[in-house]
Structures are given as structure tokens and as C-alpha cells.
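Below you'll find the structure, written out as C-alpha cells, and then a few comments.
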Amino acid sequence: MAHTVRPTDHLRTESLMEDEFGARLAKVERLRARGEDPYPVRFDRTHTLDEVREHWDDQIDPGASTDDRVRIAGRVMLKRTQGRLVFANVRDGSGELQLFVSQGELGADAFARFGDEIDRGDWVGVEGKVMKTKVGELSVNVSSFILLAKALRPLPEKWHGLSDTDTRYRQRYVDLIANDDARRVFDVRFAAIDAIRRFLADRGFVEVETPVLHAIPGGAAARPFATHHNALDVDLYLRVAPELYLKRLVVGGYDKVFELARVFRNEGLSTRHNPEFTMLELYEAFADYFDMMRLTEELIADAARHATGGTTVEWDGAKIDLTPPFERRTMVDLVREHAGVDVHPSQPVEALRAACDALNVPWEPSWRSGKLVLEIYEKTTEANILEPTFVCDYPRDVSPLARTHRDDPTLTERFELIVHGRELANAFSELNDPVEQLRRFEAQASLKQLGDEEAHGIDVDYVRALEFGLPPTGGMGLGVDRLVMLLAGVTSIREVILFPHLRPEAERS
RNA sequence: GCGCCCCUAGCUCAACUGGUUAGAGCAUCAGACUCUUAAUCUGCAGGUUCCGGGUUCGAGUCCCGGGGGGCGUACCA
């Protein structure tokens, strides 16, 4: 790869070649001709840019200089030339700082090289004394500099940034350089995830890793991505949920486990769906779904505080209060309130079909009572739940992994957390009776035979694990991307995923 | 999958109902300027108007097909 003068690049246009790209490439060659390396191997810095600011900002008067020398490095974000003086703003991972570059300090030769050869976008390392300009801007008075990496492509417009969504998602690196808000959103994401890890570690949870390649996709009703293992000659599936493996670990004696799991679902894309997304799943032995409610609301509030500084967020034009406790309502109550009908999975199928017809909710002949109730809830009620609400007690026949409700055999001890009409989390008192679990799997399998592609298959090893005894256990799954959307105040999941799924970029020869 | 909308210079945007040679700012390039903050000023250059067809005396603009994207919808425990 030595001395690739004109890198193959189908995105580059002739004009760019002649203008920015070519001009910058020429500068690289100029450096090489002088025996300098335009891509040196390393640079010793004494401070990050924020460390310089923290240490010196309130120590220097405007127009004054110190004798303190620092070596700093960063990307040139702006450059303002003023005769024999150049102001440049550089940025590193910690922050931004101004470079004060004068011919007097640098000497005529080096000063001319800085002006000619350092472009906006380049990485530079500099050494100099910490000072403040007459108007009080903390700066480093550059006495020597070195190009650390040449940027051949120009940065987007300095004021308007980059707004083309296609480019922002495909070339996220440019988005992150050019758009402060993109960085802010991902800072929220990383802070929230960090908070979740600490929160759970503080409560004795162990972070574990379970397989991504599954022989039997289970734990959620979703279409999987299929793949193939050549050496074993078996079909495998990317996981749609880590649930069944995590509960195997509880059987094995890890009584508080969690996984921040990338999961994959082969379904449509939307502002709330990406084919791969991040799910937090946790399991706690000896707990039930009421314990999961307390844990979930505290975990979300804690993540909100760490990522945003508070527990109220503004999202899609609404103020949302994430301060615990969240409301707890049953599904049938909420349907009564929003749709004005009394439905319950104990009612006969015919009555529930009539209720569907009255509410204009389409139904299918194969649906049983529980599915009909769920459908009525989803079509009439869910989108209207605005305040954070635990929607409790889902029908049994749509919840194959949840324990039957202690007071009602047609329901399960399951809740979903709904915020502003969107599902954030799903949890239950886990079904730990192996005989009943097998019956539920068999019911799912018959649905699958009737053509329901999302129904569970029978995972006999999972049943075997239950036969060794799963203690009473509460489990919860939370859509991390959706939580981040809420905390960051963005309405598209693509804004919170660094590299969201897009169609492959067209090749052009 | 379906519906609506969008795609113009490296970036951000213009171009009346179809009418000269598609404009501007930033960036680049050449020049002036030693305290700027999106620095300022002067000048040059920069275009396959996403791609391919069609209608027309004439297409960035209208029509057809394709590509990419956005939003909505469907699917999605």
C-alpha cells in the first residue's frame, strides 16, 4: 500500500480531485519530498485540551502569558488567518482549545508552512506556552507544530454542518465531527449504558455473555435471521432474545444476571425498529414481577439522572416525568378506560370477536381469547398511554414464557412498560414449571404449524433445564435504544444507533 | 410491502407557470491583513442538476422506468 497517490474511490468526483482533494494530496507529497512523514507514528502530549482549560483558565488574565509549556494534539476545526497571525481551534476527545500561531513565535519558515500546509480537518500536535488573548480566550502560543494526519477530504460547512441524513448515517464519522448534536445524543447513550451497568453491579447482578448463534431461536416472537455453520453443516439463527440462555444460568446458580444483548430481528425498518438493536435483559431469583417494577423504574430514573442530569425529559413535544413510582394499571382496566369495553381473556371467543367488530379491530379466525384481548388493547389503548405506566397482567396464551397469574388462570404475571405510547420494557414472574412450559411450547408449535412464523419452536433443552429446577424468578427486558431515544429527545432510532442499517451503498466503477 | 415527499458545486441552500450561458454563502486556489471567534476584504476557479429513457423549438423544472433517502403505514409480545 506504499505511496498510493490516487486512492481508488468511487465517491470522489473530478472537481473534488482538482480542488480540495488534489490540493491536500499535493501537500502530502510536498511533505514527503522534504523527508517528513505526513502520518507520523505517535505523539507525546502532556495534557488533553480540557486539562489545559481546567488547569489554566482561571489562572491567567486577558492578554497575559505563562511560562508553562504544554504539548497538545487535536483536529483543526477552524482556522482564521490574520496576516502574520493565525487563530486555529483544535478539538480532541475532551474538548476544544484555541491555537495562537504567530510568525514572531514560530519563525517565518514554520509559520508559512503552518499557513500553507495545515488545513481545516487535519490532526496536529503542537507545543507552546499557555496564554490568553487580549479578549480573554485561553490559547496555546504555538512554538512548534507537527502534522499528525492529513485529512484529504474537506469537512462539511463550518456553520451549517452536515444535514443530509443519508450522509450522516452512512458516514457517521463525518456526522460526529461536524454536528455537536450527534455527539450529544451518543454521549447520552454511552452515559445511560454506563449507568445501567453500575446500577446493576451495585445490586449484585453479574454481567454475562450468552450465544448469539442459536440453533432454535427463542425468547421472543420474531422472525430470525438465518445463517449456516459450514463445518457442522447445520442451520443457525441470530438470536431474537437472550432470554432462554439467561434463565439457564439462573438454573445453574447465578441468581442475579444480566446481559446487554445485541439482538436481531428480520422485520421491517421504521423510526422505532432497526434489524439489530440492544436489549437489556436481567433475571433475579426469588423475585416476582412486582420486584421487577420497582427495579425497572429505579433503573430508568437512575439512567436518566446520569445521562441528562434529571428525571424529566422532553420528547416529541411532550414533557415526560420519569420519577418513580410509575403508574401500575391492568390491561383490562386500561382497555375499559380508553375503549369503553369490558374485555377479559376468560370471555368466549365469539364475544371478543364481536367486541373487535364494534371497535373496528380486525381479527383472524385462528386467534384465541387472549390474542383478541391483546389486539384490542394494542389497537385502541396502547398509543394513548402517555405517562410511564406498567401495563399489567397479559393474557396467558400470548405469553408462553410467563408464569400464570396467582389469582387468575387466564392471565400471566407480566407487564410491559409503556411511555408515550411506546413499549420500553417487558417483564414477568418467570414460568418455572417444566411441565406447564412444555405444554405452552406445544401450543406454540401448533400455532407455528398453522403458519405463524413468529411462534416459538420447542426448545427441549430449555425444558430440561427447568426440570432441574428454576427458582422463582423475576425477569425483565428493556429496549436500550428506545430508552436512549427518550433520554436524548430524538424520535428516530437511527439517531441513537451509531451505524444504523441502510441499503448497501451502490458500487460505481 | 404500500402511500406521500425529497435528491442541484466538497458542504448548506437558490433558480416565477417549461424559457438566455443553473446562482449564492462557506470551503478550495491567488492576494491583503499581528488579537480573531462563522474574522474581514479583493479576485479566480469549481456543475453528468442521482441514473436511463421520453415529450418539447427548448427540461433542474413535465412524463415513464430505475437508484438512494426521509416520513407515514403494514409487519413487529
Side-chain angles (χ1 to χ4, degrees), chain A residues 11-24 26-27 62-63 77-89 96 98-105 111 116 119-121 131-137 139 141 152-170 174 178 219-223 240-241 243 265-275 277 331 362 370-371 374-375 377-378 382 391 394-395 397-402 412 414-416 423 425-428 444 453-456 477 479 491-492 494 500 502-508:
Chain A
L11 293 172
R12 182 162 23 93
T13 65
E14 286 304 313
S15 67
L16 182 58
M17 192 61 214
E18 285 163 12
D19 291 348
E20 322 259 9
F21 197 97
R24 286 165 181 242
K27 293 172 187 182
M77 298 304 296
L78 284 173
K79 197 179 153 194
R80 298 177 291 279
T81 306
Q82 178 123 16
R84 277 158 211 90
L85 193 58
V86 173
F87 297 93
N89 295 52
E96 285 203 30
Q98 178 168 274
L99 302 182
F100 183 91
V101 186
S102 73
Q103 181 171 319
E105 182 73 17
F111 180 81
D116 290 344
D119 292 308
R120 187 165 169 262
M131 57 160 294
K132 257 188 191 169
T133 62
K134 287 174 186 169
V135 293
E137 179 82 27
S139 307
N141 188 359
L152 294 179
R153 294 173 182 272
L155 257 33
E157 217 263 351
K158 59 190 172 189
W159 184 242
H160 298 97
L162 177 69
S163 65
D164 180 69
T165 48
D166 191 18
T167 311
R168 286 188 50 233
Y169 296 156
R170 285 188 199 281
V174 182
R223 266 177 239 192
V240 295
E243 173 158 358
R265 297 187 181 179
N266 202 344
E267 281 154 3
L269 288 76
S270 80
T271 50
R272 321 188 243 308
H273 301 267
N274 196 65
F277 61 101
M331 178 183 289
K371 174 69 176 167
L374 178 68
E375 200 67 16
Y377 158 74
E378 285 184 349
E382 190 175 74
V391 179
Y394 275 58
D397 53 87
V398 295
S399 312
L401 300 167
T412 53
R414 170 182 170 192
F415 70 79
E416 285 196 0
E423 176 196 342
N426 181 24
F428 17 97
Q444 288 285 308
E453 287 184 66
E454 283 147 10
H456 277 79
T491 53
S492 171
R494 294 188 186 95
L502 298 172
R503 280 196 162 77
E505 207 167 348
E507 288 294 327
R508 189 163 60 117

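Residue numbering restarts at 1 for every chain, and letters A, B, ... go by the order of the sequence lines.
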Do [X] and [Y] come close enough that some side-chain heavy atom pair is under 4.5 Å?
{"X": "A:Glu382", "Y": "A:Val391", "value": "no"}
{"X": "A:Thr133", "Y": "A:Gln98", "value": "yes"}
{"X": "A:Arg414", "Y": "A:Leu401", "value": "no"}

Counting primed atoms plus P, OP1 and OP2 as sugar-phosphate and everything else as base, spell out the protein contacts along nucleotides 36-42 of chain B at 4.0 Å heavy-atom distance: B, S or - for each nucleotide, 5' to 3'.
BBBB---
How does protein reach along nucleotides 69-77 of chain B, written 5' to 3' as B (base within reach of a heavy atom under 4.0 Å), S (only sugar-phosphate), or - (no contact)?
SSSS-BBBB
Pick from A:Leu152, A:Asp119, A:Asp116: which one makes a side-chain contact (heavy atoms from CB on, under 4.5 Å) with A:Lys27?
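For A:Lys27, the side-chain contact (heavy atoms from CB on, under 4.5 Å) check succeeds only for A:Asp119.
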Using the rule given for side-chain contact (heavy atoms from CB on, under 4.5 Å), can you reason through A:Leu162 versus A:Thr167, listing the C-alpha separation, both sets of side-chain angles and the distance that settles it, and then say yes or no?
CA-CA 8 Å; A:Leu162 177 69; A:Thr167 311; 4.0 Å; yes
Given B:U12, B:U34, B:U28, the nucleotide with the shortest approach to the side chain of A:Arg84
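Selected nucleotide: B:U34.
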Establish, with yes or no, whether the OP1 or OP2 oxygen of B:U34 is under 4.0 angstrom from a side-chain nitrogen or oxygen of A:Ser102.
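No, outside the criterion.
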Residue whose closest nucleotide on RNA chain B lies nearer the 5' end, A:Ser163 versus A:Arg120
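Its nearest nucleotide being more 5', the pick is A:Ser163.
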Could you spell out the base pairing of RNA chain B in dot-bracket, with Watson-Crick or G-U pairs whose two distances are under 3.5 Å, [ ] crossing and | to another strand?
(((((((..((((.....[...))))..((((.......))))......(((((..]....))))))))))))....
Starting at CD of A:Glu20 and ending at C1' of B:G10, how long is that distance when rounded to a whole Å?
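From A:Glu20 CD to B:G10 C1': 5 Å.
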Base, sugar-phosphate, or nothing for A:Gly104, non-hydrogen atoms under 4.0 angstrom?
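Base contact.
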Going through the checks in order, is the ring pair (Phe, Tyr, Trp, His ring centres under 6.0 Å) test met by A:Phe87 and A:Phe100?
CA-CA 5 Å; A:Phe87 297 93; A:Phe100 183 91; 5.6 Å; yes
